[in-house]
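Quantities reported herein were computed from a predicted structural model and do not represent experimental measurements. Both ligands and their constituent atoms are indexed starting at 1 by order of listing.
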Amino acid sequence: MWNKTTLSQQLQIDYPIIQAPMAGGHTTPELIAAVSNSGGLGSLGAGYMAPEEIRETVRKIRKLTDKAFSVNLFIPENPQEDHAKINKINKVMALYRQELGLPPLAETSQYGPPFEEQMEVVLEEKVPVFSFTFGLLAKEWIAELKAERIPIMGTATTVKEAIVLEEHGVDMLVAQGSEAGGHRGTFLSDAEDSLIGTFALVPQIVDQIKIPVIAAGSIMDGRGIAAALILGAAGVQSGTVFLTCNESGTKPVHQEALLYHTEEETRLTRVFSGKLARGIKNKFMLEMQVHQENVPDYPIQNVLTQDLRQAAARQELPEYMSLWAGQGLRLCRKISVQELMKEMVAGVEESLHRIK
Ligand SMILES: Cc1cc2nc3c(=O)[nH]c(=O)nc-3n(C[C@H](O)[C@H](O)[C@H](O)COP(=O)(O)O)c2cc1C
């Protein structure tokens with residue numbers, strides 16, 4: 001049976017289909033539980049969450065499902081604070097803040113939740129699966145997770161990153177192709193040099209490592225899953241297709257953008273966060289493009305644009321929001337998780353039957 005892969009066996013799930021962790025309120029407990037209850041693996045994008053919020057959310061998920069799910073965090077980065085650069089970009093963005101009725105930005109030195117405390121919650125709550133992106137997890141945390149027998153999943157965008165992650169001790173890894181929506185997980189080479197399409201990336205990684213490889217990047221339906229399995233992946237991780245599910249926490253204006261835009265309308269940009277990410281083109285992305293070189297590194301720029309993006313979401317102004325989306329967005333539909341999972345599974349079977 002196609003669904004009995006090393007991944008589904010290791011994670012004890014019926015189907016090797018992972019709903020991607022998507023930080024920023026997309027992955028509600030209802031979405032995660034519905035995926036896990038349908039035989040896949042739901043994932044909490046907890047990168048931006050305060051430690052206690054992670055604990056509460058994990059407990060909520062556990063009330064909705066007794067199946068496995070994963071919690072995902074961002075490996076912290078500590079870029080140099082260049083105050084001249086920060087002031088310069090804040091001046092450029094002041095106009096947008098004015099348009100959204102926001103006061104000038106107050107100074108901050110807090111660039112994200114404390115990672116150590118987030119990890120403590122992951123361990124204390126003994127989450128069923130732990131995944132991470134944007135780098136390498138310190139060996140001490142790997143040892144602690146292993147002591148709790150929590151499977152560990154890393155993210156690679158190149159063969160080199162995959163090899164390093166395997167050597168580092170992760171149990172499985174996500175091979176994130178350049179089609180993928182949201183932030184790139186690149187941590188070794190230049191981000192622009194690490195834009196390898198899913199079809200090129202997956203078999204090249206599969207040839208070099210022994211742990212299960214999970215394909216990610218515009219896998220939207222059973223055809224994509226079948227193709228990934230044929231390329232040697234042990235499973236898939238899909239993000240964009242779950243954003244328009246009824247259970248998703250994605251803002252209605254973002255969902256609408258996903259349903260009405262096409263594959264020609266996404267771009268990779270650094271202007272929202274300082275890190276390369278794929279989203280639907282809008283006014284903020286296009287106008288800020290000329291200032292891209294002056295954008296502070298992640299996570300500084302992410303914090304500088306945070307209340308601007310939040311105000312835009314409250315005011316339902318998609319032109320100023322980060323409308324993360326993968327290149328497969330034309331295949332998004334408004335649908336329940338249960339129905340989507342059912343169609344995905346049937347789609348794999350149909351696709352495999354077709355090429356027999
Ligand atoms: C809205 C959004 C948010 C994302 N946030 C995260 C995240 O918090 N952690 C992570 O590892 N990956 C994140 N990703 C990337 C996904 O893990 C995955 O690589 C991607 O969704 C796959 O491509 P697809 O969106 O075309 O299916 C995000 C993707 C999207 C679309």
- Item | No-hydrogen, no-angle side-chain donor-acceptor test under 3.5 Å, Thr262 and Glu265 | yes
Please tell me whether Thr266 and Arg278 have a donor and an acceptor in their side chains that are separated by less than 3.5 angstrom.
yes
Connected via hydrophobic side-chain network under 4.5 Å: Ile209 and Phe132: yes
**Message:** Count I, L, V, M, F, W, Y as connected when their side-chain heavy atoms are under 4.5 Å apart, and connections chain through other members. Are Tyr111 and Ile89 then in the same cluster?
**Reply:** yes
| message | Any non-hydrogen side-chain atom of Leu268 less than 4.5 Å from a side-chain atom of Arg184? | response | yes
* Sub-4.5 Å side-chain heavy-atom contact between Ile300 and Ile86 -> yes
Which of the numbered atoms in ligand 1 are below 4.0 angstrom from a heavy atom of [X]?
X	answer
Gly217	22 (C), 23 (O), 26 (O)
Gly326	26 (O)
Thr133	9 (N), 10 (C), 11 (O)
Ser238	27 (O)
Gln237	17 (O)
Gln176	15 (C), 19 (O)

Return the residue, atom name and 0.1 Å-rounded distance of the protein heavy atom closest to [atom].
atom	value
atom 8 (O) of ligand 1	Ala23 N, 3.0 Å
atom 16 (C) of ligand 1	Ala20 CB, 3.6 Å
atom 15 (C) of ligand 1	Gly181 O, 3.6 Å
atom 12 (N) of ligand 1	Pro21 O, 3.5 Å
atom 25 (O) of ligand 1	Thr240 OG1, 2.6 Å

Q) Using the benzene-type ring in the case of Trp, are the ring centres of Tyr48 and Phe74 under 6.0 Å apart? A) yes
Decide ring pair (Phe, Tyr, Trp, His ring centres under 6.0 Å) for Phe187 and Phe134; before the verdict, give the C-alpha distance in whole Å, the side-chain angles of both, and the deciding distance to 0.1 Å. CA-CA 6 Å; Phe187 61 94; Phe134 302 168; over 10 Å; no
If you measure from each non-hydrogen atom of [X] to ligand 1, which part falls under 4.0 Å: side chain, backbone, both or neither?
X	answer
Met22	both
His26	side chain
Phe74	side chain
Asn72	side chain

Note to self: If we only consider heavy atoms of Ser218, is any one of them less than 4.0 Å away from an atom in ligand 1?
What the structure shows: yes
Check Glu343 with Arg333, please: is the shortest side-chain N to carboxylate O separation under 4.0 Å?
yes
### Message
Geometry only, no angles: is Trp324 polar-contacting ligand 1 at N/O separations under 3.5 Å?
### Response
no
Next item on the list: Report yes if Gly239 has an N/O atom closer than 3.5 Å to an N/O atom of ligand 1; otherwise report no.
Entry: yes
Across all chains, not counting sequence neighbours, the salt bridge (Lys or Arg N to Asp or Glu O under 4.0 Å) partners of Glu125 are Arg55, Arg59
Please tabulate, one pair per line, all N/O donor-acceptor pairs under 3.5 Å involving side-chain atoms of residues 315-329, not counting sequence neighbours.
residue : atom : partner : partner atom : Å
Gln315  : NE2  : Leu100  : O            : 3.0
Glu319  : OE1  : Lys283  : N            : 2.6
Tyr320  : OH   : Glu99   : OE1          : 2.2

Heavy-atom proximity to atom 22 (C) of ligand 1 ranks first, among Gly279, Ser248, Ala180, Ser131, for Ala180
Can you check whether Thr305's main-chain N or O pairs, donor with acceptor, with Asn302's side chain at less than 3.5 Å? no
